[in-house]
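Take a look at the structure below.
Chain letters run A, B, ... following the sequence lines, proteins first and then strands; every chain starts at 1.
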Amino acid sequence: MSSFYLTNLVLVQATITGLLLALSIQVPIRMGVFSFAGAGAYGFGCYAGAILVLDYQMAAVPTIVITGLLAGLVVLVVGLLIAKLNGLYLAMATVAFCLIISVVAINGGELTGGSTGRYGVISDFTMGHMFAIGAIALVLVALSERGKLGRRVDAVREDPELAASMGINVRRYRLVAFAVSGVLGGVAGAMNILVRSAVSPLDIGFPLIVLALTMIIVGGSLSWKGAVIGALIFTWLPDLLAVVGEWQELIYGIIVAIAAVLLPRGLYGVYVDTKRSVLRRRRQEATDKATAQTPPPTSTGDTTDIDRLAPEMEAQR
Amino acid sequence: MSTPNTAETLPTTGPAGGAPASPGGVAVLECDDVCVHFGGVKAVDGISLQLLPDTIHGIIGPNGSGKSTLIGAITRLTKLTSGRLLFDGEEYQSSPASVVARKRVARTFQTVRLLPDLTVLENIQLGADGRTHDEGPRPNLLKRLLGKQISPAVGEAIERTNLQGFESFYPSELSYGTQRRVEIARAISTGPRLLLLDEPTAGMNQTERAEISALLQSLRTGGLSQLLVEHDVQMMIDTCDHVFAMNFGKLIAEGRPKDVVQSPQVQEAYLGRKWRDHA
Amino acid sequence: MQDVLSVVSLGSIYLLFALGMSLTWGTIDVLNFSHGSIFMFSTFTAYLLLGSTALPFLAVVAVAVAVGALMSVLIQVLAFEQIIKRARTKKNAEMQILIGGIGIAIIPLAIAQHHTKSNPFGLRESSFSVDTWVVGDLRITNIAVMTIIVALVLWLALALWLRRSRNGLALRAIGVDAEVASLMGVDRRRLALVTMAVAGGLAGLAGVLFTFTLGAITPESGDTLLVKAFAIIILGGVGSMRGVAFGAYFLAACEVWVLTQTSGSWVEAVSFGLIFIVLLIRPAGVFGRKEVRRT
């Protein structure tokens, strides 16, 4: 076990940062906000982490905390700017935000190290820190899917108008989604730089958005469990697929394409749907038995407009 | 809110029928010259009306006469072009919809709008989640964190709408009429002071309609004001205490249901001038 | 003056690329994010063919256009039609098409990257050679002249087709109200396929002309162009033919201007910044039609 752990340490680390990155995209999606700003926050976090450690000699934990808060703030400001947009437009505005971060990284002079980036980021960061932070993030996100908050988040995503008529301040939820996504992305980026010790503009940008999105799409977008599944698959699959040979990229692409087209709710969604249809079949059998003795509890609405008009006409005569 | 709340919760029981509108009561809601225009279309054009406590109000009118738009305006989901809205005498026409809902204004929609991934119980609990006026001890933290807490108002709403046995069903498994009852239960579980129902019995059969009618009448105590949009004139006569008739965004008549239905303006609105001349 | 020439030739490339995306987005509501990889892969196919035989220019173009159209139609049938069939709401379908496009784009990219080891590839083996003409102080290549002419002619032809022809009218009707169009007897499926084929063909054409202009492209070239095309379309206004031409040349002008003012590494930021500014100030774009309110 421990030798397995040690030989695969890099993959374990990548799984945790990948998971937080995936969550940073998933949290807004769960609130109906199609924002990829989390990927931008990740890029921001990589650089902010490097700068804090290298230029300000900061320790690991404060670096991560400050980076997370800064990233949350930056993305919240972006959210305030584009809160009015919807659907595709909002998605693309956040893509633009992510790409602007990469351009700034290239042009940041000594602060960002230009096209070579920053390297030699060594601090007192341990795997203990990493597991603890990952666990805290996961638990907090998981709690947001339960109870009152979970229901309200569902309402904000599925039907904002209905949510508002239930007393939910939809705008506030959406802004919180931006801030949380920024914090998660920033923390993921900071942890990434602390374990990788180097970052260059090539590490952030469009492929990062694609990676985060694929994790969510294949795993499932509506539960943290989906993000875990996605992060596990896309961190470990390339390694396992090395057996298959040099075509791993292609296989990876085919999996994503199939999931995007056929399983819009991801693998976790398939599990949920299967569970539900089994439940439904069982209930069907139960009611079939029951109807033998008693009439069903409800009858279907089958009145047509003409049926409804008839008493109306009568009343007028 | 500066005015004291007369109603705390819904009554557990209520006699059906009988109770007339209290004419001297203070209006729960008042619309003052409300207009909603979409470009050149005057969907609601200068409506002024009052909704009283312990009263079931109805709006009738042909399709496109602005009934649903008026409900949208009252809940602030639809933008007002001009006019004033008052709840308990306080103006609120510039408050957002969520603030209006927290004043305990509940509504149902013309089309069923249930959340597909929540069970019937959870959909109804969504309504009770918004309650801020309940007193008593807060449920324990662990239970709330794990989301196992179900409000007493939910059980009551389920009972009133005859949804026992459906708690763990998902909306897609239910008949249309049952889905509508879940919507009504969700609105009731918010503990409303004003309940706006947009065609609650559309797609229901006569038995179910009678049930809904009885349900609304049983809610007519404890200060609740109700506003019902319906096409079924017979149901309006059976259910409502006071009816407004709309056409082309304007009020054309109001009063006791029978009188309104028989008034010449209303007959003309529904059936056209020609028909009336022949008759 | 040389700068103006650069703007016109760069803008023409952008126009060719964005034209197909604009067409599908404005009419059948498909924002195809695999457009970039169609662009790249059709050129890549031509490059592979040139490895075995030296083809003349027109043959190279024909191959790329055919491959582009075929890929585009395949994606429509295998992916987008399936998504539309299953999606609960139109909004869901739109987002899923965006995500599906991003996912599908990985496949051609992976194949090309694998084959070229992510190195740039060009079309040098073609019997066509790029010449530079000098007119006064101006230097212009034959491929640039061709690109400009082709872009403008195709743009005009497409605009006229949309405006005048029966199919064009039907397509515009779908863009405004798909349901009513259906009731009027418009065969949406066939028209959607035709539209996707045209868009894919344009992507292939743009790929070949772009590659001849630059000498070589990398498998990843499509990604950047994709975001630029998005900027162009929303700048002009979704569904507007005038808008897409305006957007293409405006973006080119901004980029050339930034290039002459700075070291050049800020150029990429222009399109991203434009997206932000347009969405904030005028989300409907310069020539955008106002959203029709339906109750």
* Under a 4.5 Å cut-off applied to non-hydrogen side-chain atoms, are A/F34 and C/I99 in contact? ->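 Result yes, sub-4.5 Å side-chain heavy-atom pair found.
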* Least distance between heavy atoms, A/G32 atom then C/K91 atom -> O-NZ, 4.5 Å
* Search all heavy atoms of C/I104 against all heavy atoms of A/A257 and return the closest pair with its distance. =>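 Smallest interatomic distance, heavy atoms only, reads CG1-CB, 4.0 Å.
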Taking [options] one by one, which has the highest count of heavy-atom pairs under 4.5 Å against chain C?
options	value
A/L250, A/V261, A/N107	A/N107
A/V95, A/L85, A/I106	A/L85
A/V104, A/I82, A/V256, A/V103	A/V103

* Top contributor to chain A contacts, counting heavy-atom pairs under 4.5 Å, from C/T224, C/N92, C/I106 -> C/I106
Given that the side chain runs from C-beta out, which part of [X] has a heavy atom under 4.5 Å from chain A: side chain, backbone, both or neither?
X	value
C/L78	backbone
C/L280	side chain
C/L98	side chain

Does atom [atom1] of [X] have more than 12 heavy-atom neighbours, drawn from other residues, nucleotides or ligands, at distances under 6.0 Å?
X	atom1	answer
C/Q261	CD	yes
C/K117	NZ	yes
A/R276	CZ	yes

* Do any of residues 202-219 of chain A come closer than 4.5 Å to chain C, heavy atom to heavy atom, and if so which ones, in number order? -> A/F206, A/V210, A/L213, A/T214, A/I217
Rounded distance (nearest 0.5 Å) linking atom [atom1] of [X] with atom [atom2] of [Y]:
X	Y	atom1	atom2	value
A/M92	C/L279	CE	CG	9.0 Å
C/M95	A/L90	CE	CG	8.5 Å
A/I258	C/I107	CD1	CD1	7.5 Å

* Side chain, backbone, both or neither: which part of A/A93 has an atom under 4.5 Å from a heavy atom of chain C? ->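 Both backbone and side chain of A/A93 come within 4.5 Å of chain C.
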* chain A contact residues among residues 269-277 of chain C, heavy-atom distance under 4.5 Å ->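 Hits under 4.5 Å: C/A269, C/F272, C/G273, C/I275, C/F276.
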